[in-house]
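Reviewing the structure listed below.
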Amino acid sequence: MKEKILITCFEPFGGESFNASAAVVAAMPEEIAGASAEKITLPVEFGRGAKLAIAAARKSRACLIVAFGEARARKAVTPELVAINHAYAAIPDNVGKMPRGESIDKGGAAAYFTPFPARRLAELIKEEGALSSLSYSAGAYVCNDLYYRLLHEFEGSGVRVLFIHVPRTESEAAYAETARAVAAALSKVLCEEADVENVKK
Ligand code: PCA
């Protein structure tokens with residue numbers, strides 16, 4: 001059976017009518033490095049966004065989850081290295097939840113690092129011609145909540161999880177270009193890994 005990659009984006013939030021992650025994900029190809037991409041849009045809600053992503057990943061038996069969110073203040077595509085066990089909202093989520101500095105999982109790990117080679121991915125996105133750098137903080141809002149819960153859920157399972165923040169750009173064409181660069185870079189990482197596996201065999 002063909003391998004599956006679950007790709008997620010977010011609905012608009014904070015009173016906006018648009019989310020850059022949805023524009024990027026819409027322009028991503030249906031196939032990446034021979035795996036088929038399944039795309040879903042998540043609600044900007046603490047807890048529930050992650051619940052829906054986990055259910056979708058289990059249903060499709062995805063081997064990789066690549067979650068996208070918008071980082072309005074950033075200029076570059078930023079793969080995230082880490083998710084922290086901390087939730088703080090400067091603005092309410094889409095159902096009015098507004099955590100003020102609490103743990104996502106009481107007694108849970110302080111943080112999780114992605115098992116995906118996020119730094120290598122950022123380098124390859126740059127080589128594709130898009131601005132990109134590794135980020136060491138996904139913030140404390142719903143994107144970090146999703147990332148923390150996904151990394152916790154799939155830790156040690158072989159299902160890898162990666163979160164990528166994307167900036168706002170000025171045109172549809174720019175989102176398509178971001179999507180192309182990210183998909184090409186993802187594909188290169190996966191092919192490099194497959195080459196290493198083949199040498200080992
Ligand atoms: N960005 C927000 C939540 C949803 C999104 O696209 C964040 O960075 O947490």
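As the structure is a computational prediction, the values presented were derived from the model and not from experiment. For ligands, and for the atoms within them, numbers begin at 1 and follow the listed sequence.
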field: Stepwise ring-ring contact (aromatic ring centres under 6.0 Å, His included) check, His86 with Tyr88
entry: CA-CA 7 Å; His86 185 78; Tyr88 182 92; 7.0 Å; no
message: Side chain or backbone, does Ser21 bring an N or O within less than 3.5 Å of an N or O on ligand 1?
response: no
message: Taking distance alone, with N or O pairs closer than 3.5 Å, would you say Glu70 contacts ligand 1?
response: yes
message: Would Cys143 count as being in polar contact with ligand 1, using the rule that some N or O on each side must be under 3.5 angstrom apart?
response: yes
query: Non-hydrogen atoms of Arg72 versus ligand 1: any pair closer than 4.0 Å?
result: no
message: With a 4.5 Å cut-off on side-chain heavy atoms, are Leu190 and Ile5 touching?
response: yes
- request: Would you mind telling me which of Val77, Val166, Ile7, Ile164 makes a side-chain contact (heavy atoms from CB on, under 4.5 Å) with Val24?
  value: Val166
field: Charged N-O contact under 4.0 Å between Lys126 and Glu123
entry: no
task: Heavy-atom contacts with Gly69 under 4.0 Å: which atoms of ligand 1 show up? List them by number with element.
output: 6 (O)
query: Which residue supplies the protein heavy atom nearest to atom 8 (O) of ligand 1, what is that atom called, and how far is it?
result: His165 NE2, 2.8 Å
task: Please say whether Asn19 places an N or O atom under 3.5 Å from an N or O atom belonging to ligand 1.
output: yes
- prompt: Under a 4.0 Å N-O cut-off, is there an ion pair linking Glu3 with Arg61?
  reply: no
field: Non-hydrogen side-chain atoms of Phe116 and Val161 separated by less than 4.5 Å
entry: no
